[in-house]
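Note sheet for the following structure.
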Amino acid sequence: MSHDSKPANTQRRHLIQAALGASALGAAGLPIAALAAAGKSRNTDTVRLAWGKGGLPGIARTRGEFEKTLARDGIKVQWIGPFPNHAPSLQAVTGGSADFGFGGSTTPALAAMIAGSPLVFTQFAVVEPRSTAIIAKDGSGITKVSDLVGKTVAVNRSGLGEFLLVAALEKHGIAPDKVNFVYLNPPDAGPAFAQGKVDAWSMWSPGVDIARVEYKAHDVFFEGRDLEFLIDFNSYVTHRKFAEENADIVRAVNAAYRAEGEWISKNPREAERLVQQDAGYSDAVRDSLIKLARRWEFHGADDAKFVATFQGAADWLAARKILPQKVQVSDYIVKV
């Protein structure tokens with residue numbers, strides 16, 4: 001059936017949805033002319049979003065404004081999760097049980113893309129201050145990076161934990177083979193650290209913050225203080241086919257996440273209280289996170305300066321074998 005033969009009410013519905021989408025995205029700072037040139041692309045009224053405890057999607061899910069924003073475009077949200085880290089959320093998108101990953105690290109996303117997963121980045125975010133850290137238990141005798149020589153350190157493979165450990169060792173002139181990398185996802189790494197099965201753990205918030213309080217741990221290397229450059233970024237990932245068929249929804253989701261990030265940046269205390277509701281950790285952990293006053297800055301596919309920085313980061317990771325090979329990041333950034 002041709003477009004012209006569709007019932008009048010269906011045509012009217014699609015026109016209203018397109019207008020609402022353009023209005024919302026125009027408010028997010030995108031020129032309306034560019035949106036009109038992009039054309040309409042949408043074959044569903046539902047988007048399935050992965051989420052994790054502590055990330056921006058988790059806050060968006062708990063707060064509820066995100067769903068109201070997309071509802072104005074006639075889009076229904078289904079939250080899939082929670083996921084403990086980015087890798088399984090990427091698998092959910094690849095396998096077709098979610099449309100978007102949970103806003104995690106660029107490094108495991110690149111590793112999945114290199115391995116053949118049909119994924120693309122839709123946008124990126126930088127969160128300051130950076131709070132990923134390598135931690136060790138009080139009384140362990142590990143107080144500085146050189147103390148890690150001969151020790152076991154839990155990291156997530158091709159992820160933020162592995163990257164930070166490699167960067168810390170390089171900064172201090174220590175060969176990676178002097179330290180025993182133990183590849184564990186967070187649900188397994190936490191208990192292993194608590195039980196003393198590994199000597200240290202390279203982890204991000206809120207897991208690292210919980211471990212400091214509950215396991216009596218301290219920082220050995222703190223990203224925001226001890227590392228002068230950025231190699232890993234927050235990223236939003238979808239299936240390439242979904243992006244091709246639903247560019248309108250991708251734009252709407254991007255804009256809604258940007259709005260959520262702006263709210264978090266302006267309301268850190270309220271945001272951390274929402275995270276605590278999902279994660280269930282103590283007030284002491286919550287208060288340590290409130291003190292960070294984390295701020296979100298987003299970058300789109302058309303941000304040439306950011307893409308160049310991201311390419312440099314990918315090259316750094318490939319040179320150190322955290323990624324298995326070099327990759328052209330622009331091949332995996334969708335423009336909608």
Side-chain angles (χ1 to χ4, degrees), residues 24 27-28 47-73 75-86 88-90 92-93 98-106 109 121-132 160 186-187 203-210 213 224 232-238 249-250 252-300:
V47 62
R48 300 165 301 167
L49 304 174
W51 68 281
K53 297 175 182 179
L56 186 145
I59 295 174
R61 171 183 171 274
T62 304
R63 196 166 78 94
E65 291 302 315
F66 186 98
E67 294 176 52
K68 294 177 184 177
T69 297
L70 290 187
R72 290 196 288 271
D73 284 345
I75 302 169
K76 180 182 178 181
V77 173
Q78 288 184 1
W79 294 105
I80 310 297
F83 291 91
N85 57 304
H86 204 190
S89 90
L90 295 171
V93 178
D99 299 315
F100 277 78
F102 85 155
S105 164
T106 47
F121 296 106
T122 66
Q123 66 177 343
F124 307 89
V126 174
V127 182
E128 294 286 358
R130 292 169 280 155
S131 57
T132 302
L160 191 51
M203 182 56 181
W204 55 88
S205 292
V208 69
D209 308 276
I210 295 170
V213 174
D232 194 274
F233 313 92
N234 284 73
S235 59
Y236 298 85
V237 174
T238 190
I249 291 182
V250 173
V253 169
N254 282 352
Y257 273 140
R258 283 176 179 263
E260 198 71 25
E262 291 174 5
W263 181 86
I264 294 170
S265 298
K266 294 175 182 176
N267 302 276
R269 181 176 296 274
E270 292 84 349
E272 299 299 352
R273 290 183 184 277
L274 291 177
V275 175
Q276 184 188 25
Q277 287 181 29
D278 280 332
Y281 46 65
S282 68
D283 289 351
V285 172
R286 179 204 63 206
D287 292 343
S288 70
L289 289 164
I290 288 173
K291 290 177 183 177
L292 291 175
R294 290 183 282 186
R295 305 175 304 280
W296 288 72
E297 178 185 287
F298 281 81
H299 300 273

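Computed from heavy atoms alone, side chains included, the values below leave out hydrogens, waters and symmetry copies.
The CZ atom of Phe102 sits 13.0 Å away from the CG atom of Leu49 when rounded to the nearest 0.5 Å. Between the CH2 atom in Trp79 and the CZ atom in Phe100 there is a gap of 10.5 Å [rounded to 0.5 Å].
Asp232 pairs by the salt bridge (Lys or Arg N to Asp or Glu O under 4.0 Å) definition with nothing, not counting sequence neighbours. The side-chain hydrogen bond (donor to acceptor under 3.5 Å, both in side chains) check on Thr106 picks up nothing, with sequence neighbours excluded. Remark: Phe124 engages Phe121, Phe306, Phe310 in a ring pair (Phe, Tyr, Trp, His ring centres under 6.0 Å) (not counting sequence neighbours). Listed by chain and residue number, Asn254 satisfy the side-chain hydrogen bond (donor to acceptor under 3.5 Å, both in side chains) test with Thr122 (two or more places apart in sequence, or in another chain). Looking at residues two or more places apart in sequence or on another chain, you find a salt bridge (Lys or Arg N to Asp or Glu O under 4.0 Å) between Lys68 and Glu65. In terms of the salt bridge (Lys or Arg N to Asp or Glu O under 4.0 Å) criterion, Asp287 has no residue partners (sequence neighbours excluded). Residues satisfying the side-chain hydrogen bond (donor to acceptor under 3.5 Å, both in side chains) criterion with Glu260, sequence neighbours excluded, are Arg63. Applying the side-chain contact (heavy atoms from CB on, under 4.5 Å) criterion to Pro88, with sequence neighbours excluded, gives Phe83, Pro84, Asn85, Gln91. Glu128 is linked by a salt bridge (Lys or Arg N to Asp or Glu O under 4.0 Å) to Arg130, counting only residues two or more places apart in sequence or in another chain. Asp209 is linked by a side-chain hydrogen bond (donor to acceptor under 3.5 Å, both in side chains) to Ser205, Arg212, counting only residues two or more places apart in sequence or in another chain.
In this structure, the side chains of Arg286 and Val275 stay at 4.5 Å or more apart for every pair of heavy atoms. For the pair Val208/Thr132, no side-chain contact is recorded, criterion being any heavy-atom separation below 4.5 Å from C-beta on. Contact of the Trp296 side chain with the Glu262 side chain is not registered, since no non-hydrogen atoms from C-beta on lie closer than 4.5 Å. Side chains of Asp278 and Pro82 form no contact here, defined as non-hydrogen atoms less than 4.5 Å apart. Using a 4.5 Å heavy-atom threshold, the side chains of Ser131 and Leu292 count as touching. Counting only heavy atoms from C-beta outward, the side chains of Lys53 and Pro206 never approach each other to under 4.5 Å.
Here the closest non-hydrogen pair linking Ala109 and Val237 is CB-CG2, 4.2 Å. Of all the heavy atoms in Arg258 and Gly300, the pair that sits closest is NH2-N, 3.3 Å. A pairwise comparison of heavy atoms in Ser89 and Ala50 identifies CB-CB, 4.0 Å as the closest pair. The shortest non-hydrogen separation linking Pro129 to Arg295 is CD-NH1, 4.1 Å. Contact between Asp73 and Ala252 at its shortest, heavy atoms only, is OD2-CB, 3.7 Å. Pairing each heavy atom of Gln123 with each of Val253, the nearest pair is NE2-O, 4.5 Å.
Among residue pairs with one or both ends in residues 267-276, those qualifying as salt bridge (Lys or Arg N to Asp or Glu O under 4.0 Å) are Glu272-Arg294; sequence neighbours excluded. Residue pairs meeting the ring-ring contact (aromatic ring centres under 6.0 Å, His included) criterion with at least one partner in residues 254-289, sequence neighbours excluded, are Phe66-Tyr257, Tyr236-Tyr257.
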Checklist entry - Between Ile264 and Leu56, does a side-chain contact (heavy atoms from CB on, under 4.5 Å) hold up when you go through it step by step? => result CA-CA 8 Å; Ile264 294 170; Leu56 186 145; 3.9 Å; yes
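Side chain of Ser288 to main chain of Val285: a donor-acceptor pair is present (N/O by atom type, distance under 3.5 Å, no hydrogens or angles). Checked by atom type and distance alone, the side chain of Thr238 pairs as donor or acceptor with a backbone atom of Asp99 at under 3.5 Å.
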